[in-house]
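All ligand and atom numbering here is 1-based and tracks the order in the structure.
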Amino acid sequence: MDTATLSLLSPLPTQRFLSSEKPTPTRYVLPSHNHFLKHFSYTTNLNRNSKFRIPEAVLDTSPITPTALTTPTLRELCQAHVPELILQRMEDIGYVMPTDIQREALPYLFSGRDCVLHAQTGSGKTLTYLLLINSIINAAKSSVQALVVVPTRELGMQVTKVARTLAAKPTGVVGEHKSCSIMALLDGGTLKRHKTWLKAEPPTVVVATVGSLCQMLERHTFSLETVRVLIVDEVDCIFNSSKQVSSLRKILTSYSSCNNRQTVFASASIPQHNRFIHDCMQQKWTKRDVVHIHVSAVEPMPSRLYHRFIRCETERKLETLLSLVQSDAPESGIIFVAEQSEKSKKSGKAPSTSLLIDFLKASYQGDLDVLLLEDKMNFNSRAASLLEVRKGGGYLLVATDIAARGFDLPEMSHIYNFDLPRTAIDYLHRAGRTCRKPFSDINCTVTSIIAPDERFVLQRYENELMFDCEELIIP
Ligand SMILES: Nc1ncnc2c1ncn2[C@@H]1O[C@H](COP(=O)(O)OP(=O)(O)OP(=O)(O)O)[C@@H](O)[C@H]1O
């Protein structure tokens with residue numbers, strides 16, 4: 001390994017592989033080299049000889065001692081950095097042991113390094129960056145100190161909710177509780193009200209969609225001058241969106257400077273990550289010593305997922321879906337449908353989402369509520385669907401890929417790809433809406449209903465994402 005890499009990382013506690021399974025406080029397992037590589041790889045910017053080659057995993061070769069292998073609790077990891085009330089609240093909610101990404105990333109984050117958090121769906125990246133935010137902000141100061149940028153309104157609502165839950169008063173604490181204020185500045189919101197709020201008493205944390213944020217920045221309603229930590233969640237999704245990418249670039253480089261803030265990017269998928277890290281440094285999205293924390297590098301898909309597919313002719317897809325849902329009896333499920341193509345719109349055809357909703361409402365006889373979530377719904381209807389979903393109780397959500405990113409619905413047991421996703425990454429994120437209880441053993445199922453000639457597409461996704469999909473044959 002590049003010695004420069006070691007010396008760069010050595011001031012920090014070099015992480016040793018502990019376990020990908022549910023962590024227990026004392027676990028004395030000597031991991032194999034391959035096992036280590038499978039789960040953790042760190043990359044930094046120091047290998048400048050090749051264009052995008054970045055040093056591989058950091059291997060700790062010092063003797064293994066029982067102490068080094070004792071899994072720290074979240075409290076132990078955060079104690080010196082995060083206020084006690086937040087730690088108490090974290091434990092109230094049930095966050096006691098860290099997930100892999102939390103254990104690996106928090107020491108780097110607390111050291112002030114810019115980081116790219118690259119870990120499986122449902123691995124707890126949100127709590128990771130919220131703990132960093134809570135270690136930095138001062139709730140007594142009236143200024144925007146932390147900014148979380150998200151690609152969709154729905155994800156913004158979710159992150160805001162988690163941030164507010166974490167900031168709430170812990171049980172048993174009496175008296176007044178001054179927590180930080182968190183503003184959701186999201187597309188479809190009432191920007192006029194936000195403008196007044198930002199001017200009168202700036203919130204400590206802003207969770208924003210790119211569009212609304214840029215609107216506010218362009219109108220000089222507020223500036224990013226006081227922002228000390230900037231998070232971009234689902235970063236690859238925003239960089240991939242032709243509508244959002246140029247605004248994100250401005251947020252990162254024109255409206256603020258990487259030298260005046262700590263920058264964190266998060267996603268379960270960062271295609272060509274070496275290239276991305278290189279760009280982070282070259283484009284000054286981050287400082288030059290950005291750390292890439294890649295957990296489960298060769299296993300991008302959560303291992304508790306069972307993948308299957310069923311071949312059927314297009315005209316039989318609806319009946320096939322219905323019989324699958326009825327025999328699976330999911331706790332809750334999402335049925336993913338492709339967005340309607342321009343060609344189909346022009347020919348006046350009804351979108352698949354409407355056809356599917358009408359069909360299920362007429363034919364499905366189970367207990368689950370049938371709901372719809374798609375981009376072209378107005379914001380109020382989208383919010384209403386989301387509210388129903390979050391109320392608990394079982395539901396079948398018919399959705400486009402708008403529901404594929406970041407949604408955390410822990411009770412979700414089944415995903416159905418009524419239409420195959422366009423890319424392997426879309427498959428990964430759709431599938432990742434299940435298996436969202438980090439320390440649970442429960443398996444979840446992803447089923448793709450494919451036309452016979454789509455088998456090779458699914459096979460490509462299997463190869464790319466390294467999972468196996470079993471064929472389901474209905475007699
Ligand atoms: N330390 C923890 N202990 C128990 N549960 C946790 C812990 N950290 C996070 N969780 C739970 O894990 C679930 C997934 O977390 P989160 O939404 O942050 O995942 P993510 O990594 O952002 O996934 P995605 O890439 O799909 O957005 C949430 O329900 C969260 O409450």
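Close N/O approach between M97 and ligand 1 is found [any backbone or side-chain N/O within under 3.5 Å]. Considering backbone and side-chain N/O atoms, Q158 never comes within less than 3.5 Å of an N/O atom of ligand 1.
The existence of a salt bridge linking R308 and E470 is excluded, since no basic side-chain nitrogen approaches an acidic carboxylate oxygen closer than 4.0 Å. Between D233 and K125 there is no salt bridge, since none of the side-chain N atoms of the basic residue sits less than 4.0 Å from a carboxylate O of the acidic one. Taking the charged nitrogens against the carboxylate oxygens, R153 and D187 have no contact shorter than 4.0 Å, which rules out a salt bridge.
Remark: among candidates Q120, R436, H429, the nearest residue to atom 24 (P) of ligand 1 is R436, based on non-hydrogen atoms. The heavy atom nearest to atom 9 (C) of ligand 1, out of those in G122, G124, A431, is found in G124. When the heavy-atom distances from atom 8 (N) of ligand 1 to R433, R405, Q102 are ranked, the shortest goes to Q102. The closest heavy-atom contact to atom 28 (C) of ligand 1, among the options D408, T128, L131, comes from D408.
Among residue pairs with one or both ends in residues 74-86, those qualifying as salt bridge (Lys or Arg N to Asp or Glu O under 4.0 Å) are R75-E84, R75-E91; sequence neighbours excluded.
Residue, atom and distance of the protein heavy atom nearest to atom 21 (O) of ligand 1 are K125 NZ, 2.8 Å.
Every atom of ligand 1 is numbered from 1 in the order shown, and the set under 4.0 Å from a heavy atom of L74 is 1 (N). Remark: ligand 1 atoms within the under-4.0 Å shell around heavy atoms of T126 are 16 (P), 17 (O), 18 (O), 22 (O). Under a 4.0 Å criterion applied to the non-hydrogen atoms of Y95, ligand 1 contributes the atoms 2 (C), 3 (N), 4 (C), 5 (N), 6 (C), 7 (C), 10 (N), 30 (C), 31 (O). Close approach of ligand 1 to S123 (heavy-atom distance below 4.0 Å) involves ligand atoms 19 (O), 20 (P), 21 (O). The ligand atoms of ligand 1 that sit less than 4.0 angstrom from a heavy atom of L127 are 8 (N).
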Open item on the list: Please evaluate residues Y427 and H307 with respect to the criterion ring pair (Phe, Tyr, Trp, His ring centres under 6.0 Å), reporting the C-alpha separation (whole Å), side-chain torsions for both, the decisive distance (0.1 Å), and the verdict.
Closed with: CA-CA 11 Å; Y427 187 101; H307 304 261; 5.7 Å; yes
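Atom CG of D468 sits in a sparse spot, with 12 or fewer heavy atoms from other residues, nucleotides or ligands closer than 6.0 Å.
Contact between F439 and ligand 1 is present, with at least one heavy atom of the residue lying under 4.0 Å from the ligand. Within the 4.0 Å heavy-atom cutoff, K437 does not count among the residues contacting ligand 1.
Closest of all the heavy-atom pairs between S247 and C214 is CB-SG, 3.4 Å. Of all heavy-atom pairs spanning V210 and V149, the tightest one is CG2-CG1, 3.6 Å.
With ring centers used as reference points, F222 lies 6.0 Å or more from W197.
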